[in-house]
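Working notes, beginning with the structure itself.
Residue numbers run from 1 in the order of the sequence given.
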Amino acid sequence: MTDATMTSKGQITIPAEIRAALGLNTGERVVFTQLDDGTTVMRAKTRSISELQGLLKPTDSKRRKPVATDSLGID
C-alpha cells in the first residue's frame, strides 16, 4: 500500500509505482468514481471518444443511426 499527502490546495502527487501501473504520463487525465460502499476508484482516462468509433456493432443495420462526435466538444 502507498499513501500520499494532500496539500492545502487539494493537490496530491500520485506515487510513481501507481503512475507506472496505470501508464500515466505528464498531462494525462484520471477519473475518480465514488462507489456506494464508500470506495473511490481512480482510472486513467487514456481513450478519447473518437477512438471508440466502430467498437460496437449494431444488431439491426436498419436501426443504425450514426452520432457525430465533433459537435459534442469531446476529445
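Contact detail for Ala4 and Ile12: the closest heavy-atom pair is CB-CG2, 3.4 Å.
Leu24 and Phe32 fall within the same hydrophobic cluster, defined by Ile, Leu, Val, Met, Phe, Trp and Tyr side-chain heavy atoms under 4.5 Å apart, directly or through other members.
Taking CG of Leu35 as the start and OG1 of Thr40 as the end, the distance is 7.0 Å to the nearest 0.5 Å. Note that the CD1 atom of Ile18 and the OG1 atom of Thr13 stand 13.0 Å from one another [nearest 0.5 Å].
Looking at heavy atoms from C-beta onward, Glu28 lies out of side-chain contact with Leu22 at the 4.5 angstrom threshold. Residues Thr26 and Arg19 are not in side-chain contact: their nearest non-hydrogen atoms beyond the backbone lie 4.5 Å or more apart.
Side-chain atoms of Arg29 never come within 3.5 Å of backbone atoms of Lys45 as a donor-acceptor pair (strictly under, hydrogens ignored).
The number of heavy-atom neighbours closer than 6.0 Å to CG of Asp36, taken from other residues, nucleotides and ligands shown, is 12 or below. Within a 6.0 Å sphere centred on CD of Gln34, heavy atoms belonging to other residues, nucleotides or ligands number 12 at most.
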